[in-house]
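Worksheet: one structure, shown below.
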Amino acid sequence: MFTIEHEFDATVITLVDEAPAPIQEDITVNAFEDCVTVEQLDPRSDTVQKITLSLQQLRDLSAALDLPEGIYRLRRGTPEP
């Protein structure tokens with residue numbers, strides 16, 4: 001399950017793990033104009049862990065999900081897989 005909310009400066013997507021136990025903490029994805037952050041509560045330390053991706057890193061990640069093992073570089077102006 002997931003939710004999508006539009007805030008003033010970001011689109012916020014929350015991913016809820018509905019898999020059989022053990023389930024993971026919810027993941028929050030914040031899409032800003034210049035970057036994307038991914039946050040998840042670490043129950044061991046009771047702190048939120050945050051990763052910030054540039055838009056290029058996000059494009060690379062999106063492309064990597066559909067490619068076989070290897071080393072790749074996306075070129076500007078070429079269609080993404």
Side-chain angles (χ1 to χ4, degrees):
M1 180 179 104
F2 62 92
T3 65
I4 301 172
E5 301 172 60
H6 297 290
E7 302 289 332
F8 172 72
D9 62 345
T11 297
V12 180
I13 301 167
T14 302
L15 307 173
V16 179
D17 189 0
E18 294 185 299
I23 61 172
Q24 299 296 314
E25 295 292 330
D26 294 354
I27 294 174
T28 303
V29 179
N30 296 287
F32 296 97
E33 183 177 320
D34 60 343
C35 68
V36 171
T37 63
V38 179
E39 300 173 338
Q40 185 177 40
L41 176 69
D42 180 353
R44 294 170 294 180
S45 64
D46 200 32
T47 59
V48 174
Q49 302 297 315
K50 181 179 187 178
I51 297 173
T52 302
L53 300 165
S54 70
L55 296 181
Q56 182 61 50
Q57 288 173 314
L58 186 63
R59 283 189 288 273
D60 290 350
L61 175 60
S62 176
L65 293 174
D66 293 326
L67 293 170
E69 183 176 347
I71 298 172
Y72 300 90
R73 175 176 289 138
L74 294 178
R75 295 183 185 167
R76 284 190 174 162
T78 58
E80 296 180 22

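All values reported here derive from a predicted model rather than from experimental measurement.
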message: Can you list, by chain and residue number, the hydrophobic cluster partners of Val16 when the side-chain cut-off is 4.5 Å?
response: Met1

field: ILVMFWY clustering at 4.5 Å (side-chain atoms), partners of Leu41
entry: Val48

Extract all donor-acceptor atom pairs below 3.5 Å that involve side chains of residues 2-12 and protein atoms in other chains or at least two apart in sequence.
residue : atom : partner : partner atom : Å
His6    : ND1  : Thr11   : OG1          : 3.3

Using distance only, find each side-chain donor-acceptor pair of residues 28-40 under 3.5 Å and give its atom names and separation, not counting sequence neighbours.
residue : atom : partner : partner atom : Å
Asn30   : ND2  : Thr37   : OG1          : 3.2
Gln40   : NE2  : Glu25   : O            : 2.9

statement: For Arg73, the salt bridge (Lys or Arg N to Asp or Glu O under 4.0 Å) test, sequence neighbours excluded, returns none

- line: For Thr47 and Ser45 the tightest heavy-atom approach is OG1-OG, 2.7 Å

Inter-residue atom distance Thr52.OG1 - Lys50.NZ, 0.5 Å rounding: 5.0 Å

message: Suppose the criterion is side-chain hydrogen bond (donor to acceptor under 3.5 Å, both in side chains): which pairs have a residue in residues 12-24, not counting sequence neighbours?
response: none

- prompt: CG of Leu61: more than 12 outside heavy atoms within 6.0 angstrom?
  reply: yes

